[in-house]
Amino acid sequence: MTSPAAGSRDLAHPERAEIRLEAVLHALSDPVRLRVVRELADAADELSCSYFDLPVTKSTTTHHFRVLRESGVIRQVYRGTAKMNDLRRDDLDDLFPGLLDALLDAAARQAVRLGDG
């Protein structure tokens, strides 16, 4: 995992070769995290943490973003005071071809079936 320098505002992310399928599946098994990934997949650009209106506390939101980042699903960078989020689609598609699209499609179908989307 790439570690930030002491005092740096860089965040640690796994290198592409370090991303593990079970970590990705764990990260995407939570409905709140899956919702974040669905919104990032639909976005044309990075989204700030404050963009997301999640039904959890701020500390829980921070935890969810950390799980997504440490599993290699998203990349987070600071832009000024905002923490911006982007889906690591290229990395995930290279490592696990078709997985992300299949999960996003299944999540969309489930949301329609359950009346959540």
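When a residue number appears, it is its place in the shown sequence, counting from 1.
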Supply the atom-to-atom distance [X] [atom1] to [Y] [atom2], rounded to the nearest 0.5 angstrom.
| X | Y | atom1 | atom2 | result |
| --- | --- | --- | --- | --- |
| Asn85 | Glu39 | CG | CD | 11.0 Å |
| Leu100 | Asp90 | CG | CG | 10.5 Å |
| Leu28 | Arg38 | CG | CZ | 12.0 Å |

Checklist line | Whichever hydrophobic residues join Val77 through chains of side-chain contacts under 4.5 Å | finding: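 Taking Ile, Leu, Val, Met, Phe, Trp and Tyr as members, Val77 shares its hydrophobic cluster with Met84.
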
Item checked: Set of side-chain contact (heavy atoms from CB on, under 4.5 Å) partners for Leu47, sequence neighbours left out ->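 Leu47: side-chain contact (heavy atoms from CB on, under 4.5 Å) contacts with Leu40, Ala43, Tyr51, Phe52.
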
Note to self: Run the side-chain contact (heavy atoms from CB on, under 4.5 Å) test against Ser59 and tell me which residues pass, sequence neighbours left out.
What the structure shows: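 With sequence neighbours excluded, Ser59 shows a side-chain contact (heavy atoms from CB on, under 4.5 Å) to Thr57, given in chain and number order.
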
Margin query: Please list all pairs meeting salt bridge (Lys or Arg N to Asp or Glu O under 4.0 Å) that have one or both residues in residues 79-88, counting only residues at least two apart or in different chains.
Written below: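 Matches after skipping sequence neighbours: Glu46-Arg79, Arg88-Asp91.
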
Check [X] against [Y] and note the closest heavy-atom contact, atom names and distance.
| X | Y | result |
| --- | --- | --- |
| Ile19 | Gly72 | CD1-O, 3.8 Å |
| Val32 | His64 | CG1-CD2, 3.5 Å |
| Ser48 | Ala82 | CB-CB, 4.5 Å |

Identify all side-chain donor-acceptor contacts of residues 101-112 below 3.5 Å with residues at least two apart in sequence or on another chain.
unit_1 : atom_1 : unit_2 : atom_2 : d
Asp101 : OD1    : Arg89  : NH1    : 2.9
Asp105 : OD2    : Arg109 : NE     : 3.0

Checklist line | With sequence neighbours excluded, residues passing salt bridge (Lys or Arg N to Asp or Glu O under 4.0 Å) with Arg33 | finding: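 Result, salt bridge (Lys or Arg N to Asp or Glu O under 4.0 Å) vs Arg33: none returned.
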
Hey, are the side chains of [X] and [Y] touching, using non-hydrogen atoms and a 4.5 Å cut-off?
| X | Y | result |
| --- | --- | --- |
| Leu99 | Leu21 | yes |
| Arg66 | Ser71 | no |
| Tyr78 | Asp10 | no |
| Arg69 | His13 | yes |

Checklist line | Flag if over 12 foreign heavy atoms under 6.0 Å of CZ, Arg16 | finding: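 It does: Arg16 CZ has more than 12 such atoms within range.
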
Note to self: Would you say Leu92 ends up clustered with Leu11 if hydrophobic residues are merged whenever their side chains have heavy atoms under 4.5 Å apart, either directly or through other cluster members?
What the structure shows: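 Looking at the clustering, Leu92 is in a separate group from Leu11.
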
Checklist line | Any donor-acceptor N/O pair, Glu70 side chain to Val67 backbone, under 3.5 Å | finding: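 Answer holds: no.
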
